[in-house]
Amino acid sequence: MQVVGIVRDVRANPLTSYSPLDAVYVPIAAADFDDFMSFADAIELAGASVTAPFKIQAYELATHPQEAARIAGASNALKFSGERIEAEN
């Protein structure tokens, strides 16, 4: 699990400390959303936690947005599986 966007302090989020996911939060800096996606593709990233200012772009990229993401028109989590990109909010 990667964190992309404006990272304040991932330790402040209880999900980063107590998540049942088999994942590690690693904050990364990206020049823009395309820069992040190039990185994600290169390392075959399984998922990402998305922060501002990339939430709308993350939603627009999704091939399978969940209901909450559709309602918000934004996504704060992406899951990659082959060509499938799930967006949640």
Side-chain angles (χ1 to χ4, degrees):
M1 182 74 68
Q2 300 288 329
V3 179
V4 62
I6 299 171
V7 178
R8 290 171 181 82
D9 185 352
V10 295
R11 294 168 298 166
N13 183 338
L15 291 177
T16 62
S17 299
Y18 305 107
S19 175
L21 298 174
D22 181 16
V24 176
Y25 272 78
V26 178
I28 60 168
D32 54 33
F33 194 71
D34 290 336
D35 182 40
F36 163 70
M37 286 307 301
S38 293
F39 173 76
D41 289 341
I43 67 165
E44 299 179 1
L45 194 63
S49 176
V50 182
T51 66
F54 301 135
K55 289 183 176 202
I56 293 172
Q57 290 170 290
Y59 170 75
E60 292 171 345
L61 177 73
T63 60
H64 293 80
Q66 301 298 317
E67 182 67 18
R70 281 194 291 273
I71 291 169
S75 174
N76 60 12
L78 293 175
K79 179 180 178 184
F80 306 107
S81 180
E83 297 296 315
R84 182 184 178 99
I85 302 171
E86 295 180 38
E88 297 187 14
N89 194 3

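Keep in mind the model is a prediction, meaning the values are calculated, not measured. Side chains included, hydrogens not; waters and symmetry mates left out as well; all remaining heavy atoms used.
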Quiz item: Which atoms form the tightest heavy-atom contact between A87 and S75, and what is the distance?
Solution: CB-OG, 3.5 Å
Quiz item: Which atoms form the tightest heavy-atom contact between F33 and L61, and what is the distance?
Solution: CE2-CD2, 3.9 Å
Exercise. Determine, stepwise, if the pair F36 / V50 fulfils side chain to side chain contact (heavy atoms under 4.5 Å, CB included).
Key: CA-CA 10 Å; F36 163 70; V50 182; 5.6 Å; no
Quiz item: Quick one: salt bridge (charged side-chain N to carboxylate O under 4.0 Å, His left out) partners of E67, sequence neighbours excluded?
Solution: R70
Self-check item: Nearest non-hydrogen partners of D35 and A30, listed with the distance
Solution: OD2-CA, 3.4 Å
Exercise. Could you pull out the closest heavy-atom pair between P65 and Y59, with the gap in Å?
Key: CB-CE1, 3.7 Å
Self-check item: Distance in Å, E88 CD paired with L78 CG, rounded so as to fall on 0.5 Å steps
Solution: 9.5 Å
Practice problem: Could you tell me whether the side chain of M37 reaches within less than 4.5 Å of the side chain of F54, counting heavy atoms only? | Solution: no
Self-check item: Least distance between heavy atoms, N89 atom then A68 atom
Solution: O-CB, 3.7 Å
Quiz item: Which value, rounded to the nearest 0.5 Å, describes the distance between H64 atom NE2 and I85 atom CD1?
Solution: 10.0 Å
